[in-house]
Amino acid sequence: MTDTPARRPAGELEAQVLAALWAAAGPLTPQQVQHAIAADLARTTVATILARLHEKGTLSRTKAGRAFAYTPTVQDADGLAARRMRTELDRGRDRSTVLARFVSDLSDEDERLLRDLLGEQP
């Protein structure tokens with residue numbers, strides 16, 4: 001029987017890459033990200049993750065020699081979650097229905113928080 005390494009949970013590598021970019025003082029190349037996350041990953045794997053995050057709009061990139069240097073377009077994990085929520089909302093055909101179903105599933109506490117954020121009274 002061959003021991004195979006356990007698969008990482010979905011999104012774990014993206015989260016590690018984003019954490020490294022959020023902690024950086026400026027844009028990072030794939031090689032710099034590879035060193036920052038201190039994981040046993042090939043540079044090409046890191047470059048692929050960065051390219052996917054760029055395609056999703058989570059990162060911007062600029063040319064840095066023969067490579068690209070990446071910068072997050074969101075400032076933290078909360079900003080990322082908000083962007084994902086917005087993306088899902090944009091995918092719906094009927095925004096009103098999507099929002100209504102989202103709000104109907106909120107806990108009482110989350111509903112109060114949302115009302116407070118919107119400046120409404122219950």
Side-chain angles (χ1 to χ4, degrees):
M1 190 157 47
T2 305
D3 287 335
T4 58
R7 271 185 83 80
R8 291 178 181 89
E12 181 182 319
L13 289 177
E14 285 186 2
Q16 289 177 345
V17 166
L18 283 168
L21 288 165
W22 286 327
L28 298 178
T29 64
Q31 184 176 12
Q32 291 168 321
V33 171
Q34 179 187 26
H35 292 299
I37 62 176
D40 188 23
L41 298 173
R43 188 198 53 77
T44 54
T45 300
V46 174
T48 298
I49 294 166
L50 290 164
R52 287 181 183 161
L53 288 168
H54 176 259
E55 289 171 11
K56 293 177 183 180
T58 307
L59 302 177
S60 63
R61 67 183 183 188
T62 55
K63 200 72 170 147
R66 292 175 32 176
F68 285 107
Y70 293 86
T71 305
T73 59
V74 293
Q75 299 306 311
D76 54 26
D78 293 333
L80 180 60
R83 172 165 294 171
R84 287 179 177 154
M85 291 169 67
R86 175 64 187 262
T87 299
E88 290 304 316
L89 179 61
D90 289 344
R91 286 184 184 155
R93 290 191 289 184
D94 180 357
R95 292 177 82 83
S96 178
T97 300
V98 172
L99 284 169
R101 290 188 179 164
F102 174 74
V103 171
S104 70
D105 288 339
L106 292 176
S107 68
D108 290 343
E109 183 178 331
D110 286 341
E111 185 177 343
R112 276 191 297 278
L113 177 58
L114 184 58
R115 287 182 184 280
D116 288 346
L117 290 170
L118 293 173
E120 295 181 11
Q121 298 300 318

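Heads up: numbering here begins at 1 and tracks the sequence. Note that the coordinates shown come from a computational prediction; the quantities given were computed from them, not determined experimentally.
The structure places OG of S104 at 10.5 Å from CG of L99, a figure rounded to the nearest 0.5 Å. Interatomic distance, OG1 of T87 versus NZ of K56, reported as 10.0 Å (0.5 Å rounding). To the nearest 0.5 Å, the span separating CD on E12 from CD on Q16 amounts to 5.0 Å. Distance CD1/I37 to CG/L28: 11.0 Å, rounded to 0.5 Å. Taken from CG in L18 to CD1 in I49, the straight-line distance is 10.0 Å, to the nearest 0.5 Å.
Under 4.0 Å is where a charged nitrogen must lie from a carboxylate oxygen, and between E111 and R115 at least one such pair does.
A single hydrophobic cluster is not seen to contain both L117 and L106; linkage of ILVMFWY side chains at heavy-atom distances under 4.5 Å, directly or through other members, places them apart.
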(request) Would you please test R83 and T73 for side chain to side chain contact (heavy atoms under 4.5 Å, CB included) and show each step? (result) CA-CA 10 Å; R83 172 165 294 171; T73 59; 2.7 Å; yes
(message) Is there a side chain to side chain contact (heavy atoms under 4.5 Å, CB included) between R95 and D90? Walk through the geometry before answering.
(response) CA-CA 7 Å; R95 292 177 82 83; D90 289 344; 2.8 Å; yes
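Side-chain contact between M85 and F102: present, with at least one pair of heavy atoms (C-beta onward) separated by less than 4.5 Å. A heavy-atom distance below 4.5 Å is not found between the side chains of E109 and L113. Taking the side chain as every heavy atom from C-beta outward, P30 and Y70 approach each other to under 4.5 Å.
Here the side chain of R61 pairs no donor or acceptor atom with the backbone of L50 at under 3.5 angstrom.
For the residue pair W22 and A77, the shortest heavy atom distance occurs at CH2-N, 3.4 Å.
Residue pairs satisfying the side-chain hydrogen bond (donor to acceptor under 3.5 Å, both in side chains) criterion with at least one member in residues 28-38, sequence neighbours excluded, are listed as follows: T29-Q32.
Judged as a side-chain contact (heavy atoms from CB on, under 4.5 Å), and not counting sequence neighbours, the contacts of V98 are L89.
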